[in-house]
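One structure is given below, encoded as structure tokens.
The sequence lines fix the lettering, A, B, ..., with proteins before strands; numbering per chain opens at 1. Only this structure's heavy atoms are used, side chains among them; waters, hydrogens and symmetry mates stay out.
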Protein chains: 2
Amino acid sequence: MAQPITLRQVSPLKASCHQCSLSNLCLPLALNENELDRLEDIVQQGRIFNRGELVFEQSTPFRSCFAVRSGAIKTSIITESGEEQVTGFFMPGELVGLDSMSSDAYACSAKALERTSVCELPVDRLEELTHKIPELQHHFFHLMSQEIQNSHQLAMLLSKNTAEERIAALLLSLSSRFGRRRMSPTQFSLPMARNDIANFLGLAVETVSRVFTRFQNQGLIRARGREVELLDIEALQLVTRESSRQRC
Amino acid sequence: MAQPITLRQVSPLKASCHQCSLSNLCLPLALNENELDRLEDIVQQGRIFNRGELVFEQSTPFRSCFAVRSGAIKTSIITESGEEQVTGFFMPGELVGLDSMSSDAYACSAKALERTSVCELPVDRLEELTHKIPELQHHFFHLMSQEIQNSHQLAMLLSKNTAEERIAALLLSLSSRFGRRRMSPTQFSLPMARNDIANFLGLAVETVSRVFTRFQNQGLIRARGREVELLDIEALQLVTRESSRQRC
DNA sequence: CGGAGGCTTGAAAAGTTTCAATCAATGTGG
DNA sequence: CCACATTGATTGAAACTTTTCAAGCCTCCG
């Protein structure tokens with residue numbers, strides 16, 4: 001009984017953009033059957049990275065973008081002085097590596113925060129394909145543009161908002177990103193350490209810790225280590241907009 | 001004698017991507033003659049905006065990107081609460097509007113900081129063309145990716161660096177961007193007000209002012225209003241890397 | 001000339017960082 | 001299997017940077 005199934009799955013790593021649960025978040029959006037097939041041809045699916053493993057490393061030759069299937073990835077830049085700067089967290093359905101498309105080397109390193117499965121998209125073949133399929137090119141422009149906007153949002157958060165506002169914003173962002181998947185938007189496990197959060201948000205670890213406990217005392221969240229429960233989402237949203245309220 | 005020349009220039013606004021002095025900064029990079037012609041067909045050159053005029057406005061239909069020919073543009077987002085957040089300054093040879101390519105409306109407003117000349121690139125026709133010319137598509141991916149990296153750089157500056165470091169970095173950035181043009185990298189006129197600088201760098205105007213005078217007292221710059229002279233570029237570079245030095 | 005806006009300066013207040021110490025959780029080796 | 005080392009998270013108090021508020025100055029332009 002297993003035989004015929006095995007035969008049908010000769011290439012098990014190749015046959016699933018069609019039924020991938022991430023498809024509307026990830027690339028295939030707006031492609032027809034035929035085009036999806038061509039996309040699948042170039043996608044290497046099902047690569048697994050364990051917690052702490054590098055998906056790619058800054059300054060090594062840029063070959064591929066990676067779509068997160070499950071798990072989580074953090075990207076970071078090592079500055080000349082050796083400091084790490086976390087530039088982003090990537091959840092399932094999100095595409096890592098777009099910021100490297102302007103050079104021959106990766107602009108940042110990408111590390112798996114937990115056991116993580118990704119699809120690899122070699123850029124040279126991807127560019128060929130985007131050239132052949134206008135919708136895919138459009139989608140790619142879309143994704144990159146979105147990345148620019150995200151980064152602007154982050155810059156805004158960092159330049160204008162207090163520690164509480166930044167952390168509330170991060171929690172809400174994670175919540176909605178979990179929510180888009182089948183997971184609970186109010187109760188989840190943070191894939192990253194306090195250190196990563198602090199680094200990403202431009203704060204000291206101690207500040208992050210203090211804000212978490214402050215939120216907890218105010219009944220906004222319940223946090224034990226990386227386990228987080230959002231108890232009052234609306235209040236958290238209010239926190240992120242606090243900066244506005246004051247100036248009106 | 002003028003007649004035949006006039007005839008050749010029937011469309012004076014259309015005939016200059018070839019000899020444009022910005023061509024290696026801007027789009028035409030790596031295109032052949034024929035391709036350049038096709039690019040020129042879709043580019044509307046020579047639009048002029050006066051100081052303070054909007055090149056495009058946030059939330060209005062997204063139609064075009066704009067390449068700065070001369071002058072300077074600032075982009076900014078108006079948040080729900082009505083605050084302005086400056087997201088970037090664009091100098092000659094730079095492309096404005098890439099962050100809007102993910103939606104049907106402009107993600108930010110673009111305002112001319114001084115009398116500014118731009119080339120308009122309608123996106124629908126641009127996407128057609130990038131589809132036809134792989135090099136142009138590649139170049140566009142390149143530009144957008146660079147924009148992501150720039151924004152990450154900015155986020156880094158905002159999250160990790162002091163007021164002095166931020167301002168030194170901005171001055172050096174402007175310097176190198178002026179330098180790439182025919183202009184002096186050490187003596188120039190800031191196109192933006194202190195207010196814009198402060199907003200962009202996430203500081204209070206007063207802080208910007210103080211740092212300027214501090215730099216002046218230290219002999220790093222000479223500043224009178226918007227006129228700036230960089231007296232000691234190496235020292236300024238040291239300032240930007242000060243954060244590194246401390247941690248080693 | 002006078003007003004308006006932009007720029008500068010000072011002093012107090014606020015928020016965040018830094019330093020230091022403690023605690024909890026986890027894993028290792030005796 | 002328990003003591004111990006290690007790592008990450010938390011808490012407190014002092015130090016520092018930046019903001020805020022307030023006032024004055026300069027300059028450009030009607």
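As rounded to whole Å, 11 Å separates atom P of D:dT17 from atom CD of B:Glu165. One can place CG of A:Asn161 at 16 Å from C1' of C:dA14, the figure rounded to the nearest angstrom. In this structure, CD of B:Glu164 is placed 16 Å from C1' of D:dT19, rounded to the nearest angstrom. A straight line from CE of B:Met192 to P of C:dG6 spans 15 Å, rounded to a whole angstrom.
Shown here are the side chain to side chain donor-acceptor pair (under 3.5 Å) partners of A:Arg51, two or more places apart in sequence or in another chain: there are none. Every residue two or more places apart in sequence or in another chain that forms a side chain to side chain donor-acceptor pair (under 3.5 Å) with B:Asn50 is listed here: B:Arg115. For the side chain to side chain donor-acceptor pair (under 3.5 Å) test, residues two or more places apart in sequence or in another chain that qualify with B:Ser117 are B:Arg69.
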Residues 84-93 of chain A, side-chain donor-acceptor partners within the protein, below 3.5 Å, at least two apart:
residue	atom	partner	partner atom	Å
A:Glu84	OE2	A:Lys74	NZ	3.3
A:Glu84	OE2	A:Ser76	OG	3.0
A:Gln85	OE1	B:Ser159	OG	3.4
A:Gln85	OE1	B:Lys160	NZ	2.9
A:Thr87	OG1	A:Thr75	O	3.2
A:Thr87	OG1	A:Thr75	OG1	2.8

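Summary of the strand contacts: A:Arg166 and B:Thr207 both lie near DNA chain C, and taking for each the nucleotide with the nearest heavy atom, the more 5' one is attributed to B:Thr207.
Ring geometry for B:Phe56 versus B:Tyr106: interplanar angle under 30°, hence parallel rather than tilted (30 to 60°).
By the 6.0 Å and 45° rule, A:Arg194 stacks over the aromatic ring of A:Phe212.
In the region residues 208-227 of chain B, proximity to DNA chain D at under 4.0 angstrom, judged on heavy atoms, holds for B:Arg210, B:Arg224. Contacts between residues 195-206 of chain A and DNA chain D, counted as heavy-atom distances below 4.0 Å, involve A:Asn195, A:Glu206.
Between the side chain of B:Gln58 and the main chain of B:Ile78, a donor-acceptor pair closer than 3.5 Å is present.
With salt bridges taken as basic N to acidic carboxylate O contacts below 4.0 Å, one links A:Arg180 and A:Glu94.
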